[in-house]
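Each remark here refers to the structure printed beneath this line.
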Amino acid sequence: MAPIYTRTVLMTALLALPLAAAAPAFAQEAKPREPVISVTGDGESSVAPDMAIVNLAVVKQAKTAREALDENNKAMNDVLAALKSGGIAERDLQTSGFSIQPQYNYPQPVDGQQQPPQLIGYQTINSVTVRLRDLAKLGAVIDQSVTLGINQGGDIQFTNDKPDAAIEEARKAAVADAVKRAKTLSEAAGVKLGRILEINENVPRAMPQPVYRATMMKEASDAAVPVQGGENNYNVSVTVTFAIEQ
């Protein structure tokens, strides 16, 4: 049997091993954090729209659901046929909503008693989303659609089919803005700007554009609707982290 003092030495050595192994980790944790500067840069690029997305709808009311549907179908078929004959492709026409709803009249209470609603007819709504790639035709398309039966809609969104180049310009401007801000901060703080450690980009998106909204009636349109496309603004935001040289 080993002497007691020998076992004590062995136990002490075994306990010391984990501490010795953990020493580098403790030293690493104790190392001071590298000083950095983090800034956010913004970039913007403007470009004229080359496409419009228009929502148009036919609303019809009649005594029966069948009558309301037949009237609606006729008007919408005329509108779609005119749009196609005007050069709009099938892929740029999409039904975006359809509904048949009963319409009720709610009588005034009699002797304090609520009267049951009276069914007075049905309403059908059929809406279509049109992607128009020739903006010069936009006013005429709206005017013709109203003439053929469109009586609700508008909601024009001006956009770009391929905004990649505009977004790229905004991205470059955002990084340049971040670098400029970081230089200003480092000079004001009396430190020297070092290498870039990290760049994070927010998702680019177009800013909201003015929208033409109207409830359109046949009597209200006797000439092509005047519409202005303006410009689309694309914004990009990036966050850049720089090291500070010691």
Nearest heavy-atom pair of Lys84 and Glu90: which atoms, and what distance?
NZ-OE2, 3.2 Å
Are Val58 and Ile100 in one and the same hydrophobic cluster, where Ile, Leu, Val, Met, Phe, Trp and Tyr link if side-chain heavy atoms are under 4.5 Å apart?
no
Is a side-chain donor or acceptor of Asp134 paired with a backbone partner of Ala136 at a separation under 3.5 angstrom?
yes
Could you tell me whether a side-chain N or O of Asn160 sits under 3.5 Å from a main-chain N or O of Ala48, the two making a donor and an acceptor?
yes
Are the side chains of Asp50 and Phe158 in contact, using a 4.5 Å heavy-atom criterion?
no
What do you reckon, is CD of Gln94 surrounded by more than 12 foreign heavy atoms closer than 6.0 Å?
no
Are Leu193 and Val175 co-members of a hydrophobic cluster defined by side-chain heavy atoms under 4.5 Å apart?
yes
Using 0.5 Å steps for rounding, measure from the CG atom of Asp143 to the CG atom of Leu138.
11.0 Å
Got a second to check how far Ile142's CD1 is from Gln144's CD, nearest 0.5 Å?
12.0 Å
Does Lys137 use its side chain to pair, donor to acceptor, with the backbone of Gly86 at less than 3.5 Å?
yes
What's the verdict on side chain to side chain contact (heavy atoms under 4.5 Å, CB included) for Val141 and Leu83, showing C-alpha distance, side-chain angles and the deciding distance?
CA-CA 7 Å; Val141 165; Leu83 292 174; 3.5 Å; yes
Close side-chain approach of Leu197 and Glu34, heavy atoms under 4.5 Å:
yes
Residues Asn200 and Thr239: side-chain donor-acceptor under 3.5 angstrom:
no
May I ask you to decide whether Glu168 forms a salt bridge with Arg171, counting only side-chain N to carboxylate O separations under 4.0 Å?
yes
State, to 0.1 Å, how close Ile125 and Val59 come at their nearest heavy-atom pair, and which atoms those are.
CG1-CG2, 4.0 Å
Residues Arg133, Asp161; criterion salt bridge (charged side-chain N to carboxylate O under 4.0 Å, His left out); working and verdict
CA-CA 8 Å; Arg133 301 177 187 274; Asp161 188 27; 3.5 Å; yes
Check: Phe98 and Ser127 side chains under 4.5 Å, non-hydrogen atoms
no
Are Val130 and Ile53 linked, directly or through intermediate hydrophobic residues, by side-chain heavy-atom contacts shorter than 4.5 Å (ILVMFWY only)?
no
Compare all side-chain heavy atoms of Leu132 with those of Asp92 and state whether any distance is below 4.5 angstrom.
no
So, Lys172 and Glu201, do they make that salt bridge, N to O below 4.0 Å?
no
Is any side-chain heavy atom of Asp177 closer than 4.5 Å to one of Glu44?
no
Closest contact, heavy atoms only, Pro107 versus Pro116:
CD-O, 3.6 Å
State yes or no: do Val36 and Val39 share one hydrophobic cluster built from I, L, V, M, F, W and Y residues joined by side-chain heavy-atom distances below 4.5 Å, directly or via other members?
no
Of the non-hydrogen atoms in Val236 and Ile167, which two are nearest, and what is the gap between them?
CG2-O, 4.0 Å
Enter the distance from Ile156:CD1 to Leu56:CG here, rounded to the nearest 0.5 Å.
8.5 Å
How long is the gap from CZ on Arg66 to OG1 on Thr124, to the nearest 0.5 Å?
10.0 Å
Under the side chain to side chain contact (heavy atoms under 4.5 Å, CB included) rule, what do Glu231 and Val47 come out as? Steps first, then yes or no, please.
CA-CA 5 Å; Glu231 285 188 334; Val47 62; over 6 Å; no
Evaluation steps, side chain to side chain contact (heavy atoms under 4.5 Å, CB included), between Leu80 and Val128:
CA-CA 9 Å; Leu80 293 176; Val128 62; 4.1 Å; yes
Beyond-backbone contact of Phe242 with Leu185, side-chain heavy atoms, under 4.5 angstrom
no
Flag yes if Val191 and Ile196 sit in one hydrophobic cluster, no otherwise; membership is Ile, Leu, Val, Met, Phe, Trp, Tyr, and two members link when side-chain heavy atoms are under 4.5 Å apart.
yes
Looking at side-chain heavy atoms only, is the closest gap between Ile244 and Lys192 below 4.5 Å?
no
Euclidean distance, Asp70 CG relative to Lys60 NZ, rounded to 0.5 Å:
12.0 Å
Beyond-backbone contact of Pro49 with Leu135, side-chain heavy atoms, under 4.5 angstrom:
yes
Closest approach of Ala170 to Tyr234 (non-hydrogen atoms, all atoms of both residues):
CB-O, 3.6 Å
Rounded to the nearest 0.5 Å, what separates atom OG in Ser38 from atom CZ in Arg181?
13.5 Å
So for atom CD, which belongs to Gln118, do other residues, nucleotides or ligands contribute more than 12 heavy atoms lying within a distance under 6.0 Å?
yes
Can you check side chain to side chain contact (heavy atoms under 4.5 Å, CB included) on Thr40 and Val238, steps first, answer last?
CA-CA 6 Å; Thr40 298; Val238 297; over 6 Å; no
Nearest heavy-atom pair of Asn233 and Ser46: which atoms, and what distance?
OD1-OG, 2.5 Å
